[in-house]
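Notes for the one structure printed next.
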There are 2 protein chains.
Amino acid sequence: MADDTTSYDLLEGAGLRPTAIRQRVLSALLSAGRSLSHRDLVELLPGLDRVTIFRSLKLLKEAALVHGVQGVDGTLRFVVNPAERRGCPGGHAHFLCLECGAMTCLLDQELPRVGVPAGAEVRGKQLLVYGICPECAAGKRSKAERARRAPASTGRSRRPRSLG
Amino acid sequence: MADDTTSYDLLEGAGLRPTAIRQRVLSALLSAGRSLSHRDLVELLPGLDRVTIFRSLKLLKEAALVHGVQGVDGTLRFVVNPAERRGCPGGHAHFLCLECGAMTCLLDQELPRVGVPAGAEVRGKQLLVYGICPECAAGKRSKAERARRAPASTGRSRRPRSLG
DNA sequence: GGATATTTTGCAACTAAATTGCATTTTCTG
DNA sequence: CAGAAAATGCAATTTAGTTGCAAAATATCC
């Protein structure tokens with residue numbers, strides 16, 4: 001897979017050992033075109049241990065190769081950081097579909113600066129918009145299809161047009 | 001307790017039966033001065049069943065008496081809606097302390113409008129800033145004190161002064 | 001007021017996410 | 001190649017949240 005070369009380089013560049021497992025996890029995230037939960041990855045990478053995937057994700061996040069967004073549904077999802085943000089994680093809004101569970105980055109959305117209590121130390125912030133994604137809203141997805149978690153979506157992140 | 005009258009009225013006004021349990025849950029949230037997780041409430045209201053508390057919270061949220069915010073730590077926290085927002089839940093940012101778990105409302109922070117994919121239906125949004133709260137940053141809280149979850153904090157929501 | 005229907009509550013069991021400890025394997029270093 | 005360090009797999013545990021059902025409380029109707 002072409003992605004494997006990429007993930008190898010990314011891992012090395014981030015100072016992580018490019019083990020086979022980490023490459024597979026990162027590759028999956030790279031080629032997904034959308035965010036993946038730990039559970040998604042378990043299904044996508046059969047044969048890999050759940051715990052090892054958890055640990056890989058933690059490392060990838062610490063190395064700022066990916067970022068995690070906590071959904072209002074309580075599930076943490078991971079997305080590969082765009083190249084220009086590598087080493088400077090987060091920073092954009094996300095949209096979470098309450099129906100199919102897909103979460104997409106809204107890359108062109110800057111996060112606002114927020115006033116915090118005096119003396120507080122800010123580590124990060126996340127802006128999460130949630131509702132029903134275009135596919136689900138259009139009823140294109142049957143209840144059966146989307147049963148449990150997000151199915152492999154088209155992943156195309158279209159240009160935002162409406163306001164929420 | 002003075003709060004009990006208030007919570008009784010709030011419940012009635014919202015069209016919910018003002019049962020003893022719901023009053024206790026709502027009173028706890030009213031007098032907390034900060035957000036409480038389900039777990040906080042279980043500890044704060046001994047003798048009440050976990051499941052009943054879950055169900056009460058769900059009702060309170062649906063009635064827009066409180067709103068819930070999903071922390072980056074994966075825990076859902078609940079806050080009483082300010083009077084002017086009752087019936088119009090959400091709408092402001094929150095600060096979550098990663099150390100003690102306390103979450104406070106940043107009431108004067110409006111949520112920005114966010115562009116979403118065309119055709120998406122927005123149900124809500126949340127802006128969460130996380131880091132270390134002033135108390136923890138000042139080392140006022142010992143490791144033992146804050147062991148597991150937020151201790152009863154002062155709850156004073158001071159005026160935001162720095163930017164995150 | 002009493003019988004009946006509806007809600008609410010408590011309990012037990014269950015699902016799911018995430019973490020921890022430890023033994024084993026793999027990888028790096030000299 | 002030997003020894004040290006890191007990564008992996010597995011089992012068990014913790015925690016959040018849900019579901020089904022029976023018992024208790026509350027409302028409704030006559």
Side-chain angles (χ1 to χ4, degrees), chain A residues 7-8 11-12 14-26 28 35-63 65-66 68-78 96 98 100-101 103 146-150, chain B residues 7-8 11-12 14-26 28 35-63 65-66 68-78 96 98 100-101 103 146-150:
Chain A
S7 49
Y8 185 98
L11 287 164
E12 281 229 312
L16 296 180
R17 273 199 217 169
T19 68
I21 291 180
R22 291 174 191 168
Q23 287 177 56
R24 287 182 65 190
V25 171
L26 185 50
S35 72
L36 299 177
S37 63
H38 170 261
R39 189 194 170 102
D40 290 334
L41 286 164
V42 169
E43 288 168 7
L44 236 47
L45 304 171
L48 290 201
D49 185 71
R50 301 168 2 88
V51 179
T52 303
I53 295 180
F54 269 121
R55 290 195 268 233
S56 296
L57 287 169
K58 196 177 172 192
L59 283 172
L60 292 177
K61 197 163 67 167
E62 285 167 0
L65 289 175
V66 307
V69 182
Q70 180 71 46
V72 280
D73 61 352
T75 311
L76 191 56
R77 289 174 177 78
F78 300 86
L96 170 69
L98 296 174
C100 67
M103 196 178 63
R146 67 179 116 85
R148 263 283 38 86
R149 204 114 331 249
Chain B
S7 48
Y8 185 98
L11 286 165
E12 280 228 312
L16 295 181
R17 272 199 218 169
T19 68
I21 290 180
R22 289 172 193 170
Q23 286 177 57
R24 288 182 65 190
V25 171
L26 185 48
S35 71
L36 298 176
S37 62
H38 170 262
R39 188 194 170 105
D40 291 333
L41 285 164
V42 169
E43 289 169 6
L44 237 46
L45 304 171
L48 291 201
D49 185 71
R50 303 168 359 92
V51 179
T52 304
I53 295 180
F54 268 122
R55 290 195 269 233
S56 297
L57 287 170
K58 197 177 171 191
L59 283 172
L60 292 177
K61 198 164 66 165
E62 284 166 2
L65 289 176
V66 307
V69 182
Q70 180 71 48
V72 280
D73 61 353
T75 310
L76 191 56
R77 289 174 177 77
F78 299 87
L96 170 69
L98 297 174
C100 69
M103 196 176 63
R146 67 179 117 84
R148 255 308 12 99
R149 203 114 333 246

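Quick note on labels: first sequence line is chain A, next is B, and so on, each numbered from 1. Computed from a prediction, not measured in an experiment: that's the story for all the values here.
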Gap separating the [atom1] atom of [X] from the [atom2] atom of [Y], nearest 0.5 angstrom:
X	Y	atom1	atom2	answer
B:L11	B:L60	CG	CG	6.5 Å
B:R50	B:H38	CZ	NE2	5.5 Å
A:E12	A:Q23	CD	CD	9.0 Å
B:Y8	B:T19	OH	OG1	10.5 Å

> Minimum heavy-atom separation for B:Q70 to A:G71, with atom names?
Replying inline: CG-O, 3.1 Å
Output the rounded distance in Å from [atom1] ([X]) to [atom2] ([N]).
X	N	atom1	atom2	result
A:K61	C:dA18	NZ	P	9 Å
A:R17	D:dA4	CZ	C1'	11 Å
B:L16	D:dT26	CG	P	16 Å
A:R77	C:dA17	CZ	P	10 Å
B:L41	D:dG17	CG	P	11 Å
B:F54	C:dT8	CZ	P	19 Å
B:Y8	D:dT26	OH	C1'	12 Å
A:K58	C:dA17	NZ	P	18 Å

Test side chain to side chain contact (heavy atoms under 4.5 Å, CB included) applied to [X] - qualifying residues, sequence neighbours left out:
X	result
A:L44	A:A28, A:L36
A:S56	A:I21, A:R22, A:V25, A:T52
A:R55	A:V51

> To the nearest 10 degrees, what angle separates the axes at the start and end of the helix from C:dG1-D:dC30 to C:dG30-D:dC1, five pairs each?
Replying inline: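 Here the local axes at opposite ends form an angle of 30°.
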> According to a strict under-4.0 Å criterion, is A:R39 in side-chain N/O contact with OP1 or OP2 of C:dA17?
Replying inline: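 For C:dA17, OP1/OP2 do have a side-chain N/O of A:R39 under 4.0 Å.
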With 3.5 Å as the limit, what N/O pairs link the protein to nucleotides 8-11 of chain D?
residue : atom : partner : partner atom : Å
D:dT8   : OP1  : A:T19   : OG1          : 2.7
D:dG9   : OP2  : A:T52   : OG1          : 3.1
D:dG9   : N7   : A:R55   : NH2          : 3.1
D:dG9   : O6   : A:R55   : NH2          : 2.7

> Counting N and O atoms only, with roles assigned by atom type, does the side chain of B:S35 sit under 3.5 Å from a partner on the main chain of B:M103, one being a donor and the other an acceptor?
Replying inline: yes
> What nucleic acid atoms does B:R50 come within less than 4.0 Å of, heavy atoms only: base, sugar-phosphate, or nothing?
Replying inline: base
